[in-house]
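Please read all numbers here as calculations on a predicted model, not as lab measurements. Here is how names work: the chains are called A, B, and so on, in the same order as the sequence lines, proteins then strands, and each is numbered from 1. As a basis for the values below, the full set of heavy atoms in this structure was taken, side chains included, without hydrogen atoms, waters or symmetry mates.
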Amino acid sequence: MNHRQRFLATMHYQPRDRCPILDFGFWDETLPAWKQQGLPDWVTHENAHTYFGMDYSLEHCGYSLHVGLRPGFEWKLIEDRGDTEVVQQEDGARVLRSKVRETIPRHVGHLLVDRPSWEQHYKPRLNPDDQARFPADWEQRLPWLRNPNREELVAIGGGSLYGWLRDWMGMEKVSTTVYDDPALFEEMVTTLADCSYACIEKALQSGAKYDACSMWEDMAYNAGPLLSPKHFKKYLMPHYRRVAGLLHSYGVDIIWLDCDGNIDALLPLWLEAGINCMFPLEIGIWADPLKYRRQYGKGLLMLGGFDKHILAGPKEGILREVERLTPLVEEGGFIPFCDHRVPPDVPFDHYLYYLSCARKLWGKETGLPAAQWSR
Amino acid sequence: MEPILKEVYDSILEGKQKIAAVKVQEALDAGISPATILDDALVAAMAEVGRLFEEGEYYVPEMLIAARAMQAGLLLLKPQLVKANIKSVGKVIAGTVKGDLHDIGKNLVCMMLEGAAFEIVDLGTDVSPEKFVEAVKGTGANVIALSALLTTTMPNMKATIEALKAAGLRDKVKVMVGGAPLTPQYAKEIGADGYAADASRAVALAKSLLS
């Protein structure tokens with residue numbers, strides 16, 4: 001089986017030689033930290049999956065029309081504060097970020113604050129008919145995309161209905177907008193959905209064969225969702241439904257959604273709307289892939305869900321967790337990996353140990369590309 | 001409850017900022033004491049917000065607009081409370097620990113604590129252990145609330161507690177911790193006095209630590 005066949009067989013509960021072995025990626029600080037612990041200098045984010053003997057990187061399987069802001073805003077340095085700096089990102093948000101360590105930047109200002117700023121700066125950048133939405137090499141790659149027998153897994157980008165708004169406005173402003181100007185909130189969500197829908201439709205109408213769709217939201221934190229289920233149902237669900245319906249009509253039946261945090265309250269609503277695969281399943285003190293399978297059955301597909309705390313802890317715990325997840329891996333519909341990018345507090349030899357356990361129990365040590373470290 | 005206090009209470013619960021301010025002013029004009037308005041309307045309403053949040057009736061937006069309405073009322077009350085020499089129920093120093101710039105959770109905790117009549121000293125983000133120690137010395141706070149989002153910054157919670165010990169201040173303040181990667185067990189391991197899973201529970205924890 002090739003990587004693509006193995007991924008699809010796993011997600012469709014079909015017979016396959018083994019489970020794919022992958023990861024979500026690594027914090028920027030992780031690889032340098034590991035180089036102090038024995039990782040060769042030549043290993044980078046780009047080639048780490050090869051070094052570790054993984055099947056492929058999920059980060060590199062996306063190829064589709066650009067569904068976000070076109071054009072983006074100019075990236076610029078606003079203020080250098082020594083160890084930190086304030087920058088304007090391509091999405092228009094101004095953030096304070098660390099220059100010396102990886103951390104989630106703190107939003108300190110936004111261009112999107114109200115209806116006039118929406119209409120002036122953002123709405124025009126969400127025109128689905130903008131030719132710049134097509135990648136420059138789209139025409140050349142179409143034959144490859146149309147080939148039903150290609151070896152590579154390819155996911156179409158499905159965009160975001162809430163997460164981008166949170167980034168563009170800040171969490172507090174987008175939250176209060178739901179009450180202060182519900183018509184604006186609804187219009188923004190609808191515009192995002194319309195743009196995504198039109199881009200996806202163009203890509204699918206071109207004859208491109210996609211294996212999955214990937215969406216991004218990040219609309220939850222450790223205590224639950226950032227938007228109430230009531231508002232989720234009212235504003236977001238109809239659009240998830242129509243995007244999922246479009247994808248299904250072209251045979252794309254794996255729609256994975258990236259949402260960190262505690263997604264328990266939203267998960268059944270996503271499933272109901274046709275979004276059937278959750279990623280990266282942050283464990284925290286709330287989640288467990290086995291619990292989710294018991295709760296939602298095989299209709300829920302899962303990517304991730306291996307607790308990063310366990311990777312940083314004793315090796316006995318790593319083996320125990322790999323063993324605990326093995327029945328679910330064998331059942332299918334689940335590809336485990338670290339429940340977010342691997343952080344630098346995970347010791348290098350623990351990660352190698354985790355991979356050796358994973359290769360043994362989930363990979364059955366058959367057909368895996370050779371890991372550089374195990375030679 | 002006086003009808004005007006009920007109106008203040010309802011306006012906060014419904015997140016009606018302007019109405020909350022108007023009704024607090026009406027309550028003051030009616031001769032109701034600032035302490036009564038604070039306790040019976042503002043604090044009571046925010047306690048109900050916390051209960052509704054814990055029960056899954058309210059979420060972050062509802063909590064935010066309620067806190068915003070409460071703050072509009074509190075702004076009018078504060079000068080009166082100072083004049084009447086009304087003390088807060090406790091003083092809390094809050095901040096995200098060194099290396100962590102993420103402050104959404106910390107801000108929610110501060111809002112809910114303020115709504116429970118705590119005085120807040122918000123040190124912001126990326127706060128070093130030394131800054132926490134200085135703040136304890138300078139403010140006489142009786143609680144520190146430490147927040148961390150990342151597994152890599154969690155150890156700075158322990159470093160802060162160690163710094164408090166080294167400065168001879170550990171017995172003078174209670175330390176509560178919270179944040180996405182934390183667990184109650186981790187809180188125990190680093191010697192914190194308590195862990196709260198969310199902003200509402202942080203209020204209950206702060207109260208219990210001072211009781």
Side-chain angles (χ1 to χ4, degrees), chain A residues 27 29-30 33 81 83-84 95-98 100-108 166 170-180 185 219-232 260-262 264-266 282-286 307-309 311-312 339-340 342-346, chain B residues 14-18 52-54 56-69 96-109 111-112 124-126 128 147-156 178-187 195-202:
Chain A
W27 284 31
E29 291 164 290
T30 304
R81 298 183 182 175
D83 284 350
T84 59
V95 300
L96 172 68
R97 62 181 201 176
S98 173
V100 294
R101 66 181 72 84
E102 187 172 343
T103 181
I104 295 175
R106 181 158 68 93
H107 284 231
V108 294
R166 195 204 64 171
M171 191 275 285
E172 290 188 21
K173 188 67 184 174
V174 74
S175 295
T176 54
T177 299
V178 175
Y179 281 93
D180 294 344
F185 182 76
M219 57 183 301
Y221 70 127
N222 62 319
L226 294 171
L227 185 71
S228 73
K230 183 182 86 177
H231 287 135
F232 181 95
D260 298 348
N262 183 342
D264 284 5
L266 299 183
E282 276 202 297
I283 299 304
I285 55 170
W286 55 85
D307 189 348
K308 62 181 90 60
H309 291 277
L311 285 179
D339 64 346
H340 207 281
V342 182
D345 59 333
V346 174
Chain B
E14 292 162 15
K16 307 229 181 275
Q17 183 181 19
K18 287 178 186 160
L52 292 168
F53 179 81
E54 286 180 25
E57 291 282 321
Y58 273 23
Y59 288 82
V60 169
E62 292 74 24
M63 186 187 270
L64 280 170
I65 60 168
R68 189 175 62 177
T96 63
V97 294
K98 181 77 187 160
D100 214 315
L101 299 175
H102 189 267
D103 63 353
I104 291 173
K106 185 264 297 172
N107 292 345
L108 290 171
V109 167
M111 275 188 274
M112 290 304 284
T125 62
D126 193 17
S128 67
S147 168
L149 175 74
L150 309 168
T151 54
T152 48
T153 58
M154 282 163 55
N156 289 328
L182 269 75
T183 62
Q185 191 190 337
Y186 183 77
Y195 158 84
D198 57 50
S200 175
R201 288 172 178 87

Taking [Y]'s backbone N and O only, do any of them form a donor-acceptor pair with [X]'s side chain (distance below 3.5 Å, no angle check)?
| X | Y | value |
| --- | --- | --- |
| B/Thr96 | B/Asp126 | yes |
| A/Asp339 | A/Ile283 | yes |
| A/Asn222 | B/Ala197 | yes |
| B/Tyr186 | B/Tyr195 | no |
| A/Thr30 | A/Val342 | yes |
| A/Asn262 | A/Tyr221 | no |

For [X], is it the side chain, the backbone, both or neither that has a heavy atom under 4.5 Å from a heavy atom of chain A?
| X | result |
| --- | --- |
| B/Arg68 | side chain |
| B/Thr125 | side chain |
| B/Leu108 | side chain |
| B/Met63 | neither |
| B/Tyr58 | neither |

Can you tell which part of [X] gets under 4.5 Å to a heavy atom of chain B, answering side chain, backbone, both or neither?
| X | result |
| --- | --- |
| A/Lys230 | neither |
| A/His107 | neither |
| A/Asp180 | side chain |

* Asked: Side chains of A/Lys308 and A/His340: closer than 4.5 Å at any heavy-atom pair?
  -> yes
* Asked: Can you name the nearest heavy-atom pair linking A/Glu282 to A/Gly261, along with the distance?
  ->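 In terms of heavy atoms, the two residues are closest at OE1-N, 2.8 Å.
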* **Options A/Ala223, A/Ser228, A/Pro344, A/Ala265, ranked by heavy-atom pairs under 4.5 Å with chain B, top entry** =>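 Highest number of heavy-atom pairs under 4.5 Å: A/Ser228.
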* Structure fact -> Per-residue tally against chain B (heavy atom, under 4.5 Å) across A/Gly284, A/Pro229, A/Pro105, A/Ala312 peaks at A/Pro229
* Asked: Looking at B/Asp100, B/Asp198, B/Ile65, which has the largest count of heavy-atom pairs under 4.5 Å with chain A?
  ->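 Among B/Asp100, B/Asp198, B/Ile65, the one with the most close pairs to chain A is B/Ile65.
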